[in-house]
Amino acid sequence: MTTDTTARYDGLADWYDARYVAGQDDHQPGLLDLLGPGSGPCLDIGCGTGRNFETIRSSGRSVVGLDFSADQLRLARSRTDGPLMVADAGVLPFADASFDTAMVMWISTDVDDFAKVVREATRVLRPNGVLVVYGVHPCFNGPHVVWNEDDSRLVHPSYRQAGWHEESPYWGDGIRRHVGMRHVPLADYLNAFLTPDLTLERFEEPDSRGVPYSLAARARRTN
């Protein structure tokens with residue numbers, strides 16, 4: 001998901017799915033609760049290989065998946081018979097007020113402009129529609145962070161270095177070593193939700209680790 005012409009995740013779908021999706025729990029921590037019960041199509045922005053399709057269905061909704069990587073969607077097709085499309089999260093190919101629910105999943109670190117993605121997701125929501133954003137915790141998960149064996153974190157002053165990072169001396173052999181990441185400091189992350197059409201309902205640090213690696217929000221379109 002980027003405005004670049006080449007999807008960085010293309011060519012990695014099988015490795016990514018085997019490492020991060022296959023065999024995992026049906027629901028990511030807290031996501032089903034953040035969605036709450038609903039109906040109708042849910043737009044899963046950054047759906048990847050379909051990690052969250054079962055959660056969408058369990059909430060009473062149907063799946064509409066969108067990702068910038070056709071390779072990721074190749075595997076997502078095995079997890080839904082609903083619509084899937086290749087598109088840029090910052091320029092969604094839908095009219096205003098098209099969905100009652102939208103999810104932005106794990107892409108704050110992959111897109112060029114996270115605030116633009118939140119605005120686009122808000123735009124395609126109907127009044128009173130639900131937006132769930134779930135992804136990397138800006139403080140404790142990024143190119144500035146060392147993950148210690150006891151699950152503590154060492155946070156370096158490079159936290160202040162916002163923007164794209166091709167590499168970090170603290171990364172292991174996970175996805176960031178393959179594709180890099182865009183670091184969005186906490187203030188920039190929170191400011192992305194300051195749009196007149198969006199009312200925040202709550203933020204969550206949904207995983208159970210002592211130091212959280214994810215940060216999520218539930219909001220609602222107001223008009």
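W106 meets the ring pair (Phe, Tyr, Trp, His ring centres under 6.0 Å) test with Y134; sequence neighbours excluded. Remark: R126 pairs with D100 by the salt bridge (Lys or Arg N to Asp or Glu O under 4.0 Å) rule, at least two apart or across chains. For R176, the salt bridge (Lys or Arg N to Asp or Glu O under 4.0 Å) partners at least two apart in sequence or on another chain are D110. With sequence neighbours excluded, the residues forming a salt bridge (Lys or Arg N to Asp or Glu O under 4.0 Å) with R220 are E201, listed by chain and number. Remark: E204 pairs with R202 by the salt bridge (Lys or Arg N to Asp or Glu O under 4.0 Å) rule, at least two apart or across chains.
Under the 4.5 Å side-chain contact rule for hydrophobic residues, F53 and L32 do not share a cluster. Placement of V146 and I175 in two distinct hydrophobic clusters is found when ILVMFWY residues are connected by side-chain heavy-atom separations under 4.5 Å, directly or transitively. Residue F94 is grouped with residue V111 when hydrophobic side chains (ILVMFWY) are merged at heavy-atom distances under 4.5 angstrom, including chains of intermediate members. Transitive grouping of hydrophobic side chains (ILVMFWY, heavy atoms separated by less than 4.5 Å) keeps M181 and F68 in distinct clusters. Y170 and V184 fall into different hydrophobic clusters, defined by Ile, Leu, Val, Met, Phe, Trp and Tyr side-chain heavy atoms under 4.5 Å apart, directly or through other members.
Within the 4.5 Å cutoff, the side chain of P93 has heavy atoms near those of the L66 side chain. In this structure the side chain of D207 reaches within 4.5 angstrom of the side chain of P212, judged on heavy atoms. Residues R119 and D197 form no side-chain contact, since every pair of their non-hydrogen atoms from C-beta on lies 4.5 Å or further apart. Residues L31 and M103 have side chains in contact (heavy-atom distance under 4.5 Å, counting atoms from C-beta outward).
Electrostatic pairing of D96 and R221 does not count as a salt bridge here, judged by no charged N lying under 4.0 Å from a carboxylate O.
The aromatic ring centres of Y16 and H178 sit 6.0 Å or more apart.
Side chain of D113 to main chain of A115: a donor-acceptor pair is present (N/O by atom type, distance under 3.5 Å, no hydrogens or angles). At distances below 3.5 Å, at least one donor-acceptor pair connects side-chain atoms of R218 with backbone N or O atoms of L35. When atom types are taken as modelled, the side chain of T101 and the backbone of C42 share no donor-acceptor pair closer than 3.5 angstrom. Side chain of D67 to backbone of S69: a donor-acceptor contact under 3.5 angstrom is found.
Annotation: the span from R51 atom CZ to T55 atom OG1 amounts to 7.0 Å, rounded to 0.5 Å. To the nearest 0.5 angstrom, L125 atom CG is 8.0 Å from L198 atom CG.
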Going by atom type alone, with no hydrogens or angles, which donor-acceptor pairs under 3.5 Å involve a side-chain atom of residues 72-83 and a protein atom two or more places apart or on another chain?
{"unit_1": "R74", "atom_1": "NE", "unit_2": "D71", "atom_2": "OD1", "d": "3.0"}
{"unit_1": "R74", "atom_1": "NH2", "unit_2": "D14", "atom_2": "OD2", "d": "2.8"}
{"unit_1": "R74", "atom_1": "NH2", "unit_2": "D71", "atom_2": "OD1", "d": "2.9"}
{"unit_1": "R77", "atom_1": "NH1", "unit_2": "T80", "atom_2": "O", "d": "2.9"}
{"unit_1": "R77", "atom_1": "NH1", "unit_2": "G82", "atom_2": "O", "d": "2.9"}
{"unit_1": "R77", "atom_1": "NH2", "unit_2": "G82", "atom_2": "O", "d": "3.1"}
{"unit_1": "S78", "atom_1": "OG", "unit_2": "L75", "atom_2": "O", "d": "2.7"}
{"unit_1": "R79", "atom_1": "NH1", "unit_2": "D17", "atom_2": "OD1", "d": "2.8"}
{"unit_1": "R79", "atom_1": "NH1", "unit_2": "T49", "atom_2": "O", "d": "2.7"}
{"unit_1": "R79", "atom_1": "NH2", "unit_2": "D17", "atom_2": "OD1", "d": "3.3"}
{"unit_1": "R79", "atom_1": "NH2", "unit_2": "D17", "atom_2": "OD2", "d": "3.1"}
{"unit_1": "T80", "atom_1": "OG1", "unit_2": "G82", "atom_2": "N", "d": "2.9"}

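Shortest non-hydrogen contact noted between A121 and L131 is CB-CD1, 3.8 Å. Minimum heavy-atom separation, G36 to R61: O-NH1, 2.6 Å. When all heavy atoms of A89 and I45 are compared, the closest pair comes out as CB-CG2, 3.7 Å. When all heavy atoms of E166 and W164 are compared, the pair lying nearest together is OE2-NE1, 3.0 Å. Across all their heavy atoms, P143 and S168 have their closest contact at O-OG, 2.8 Å. Of all heavy-atom pairs between P138 and P185, the closest is CB-C, 4.0 Å.
Looking only at atom types and distance, the side chain of E205 has a donor-acceptor partner in the side chain of H137 under 3.5 Å away.
Checked against H183 for a ring-ring contact (aromatic ring centres under 6.0 Å, His included), the options F114, Y159, Y189 give a single hit: Y159.
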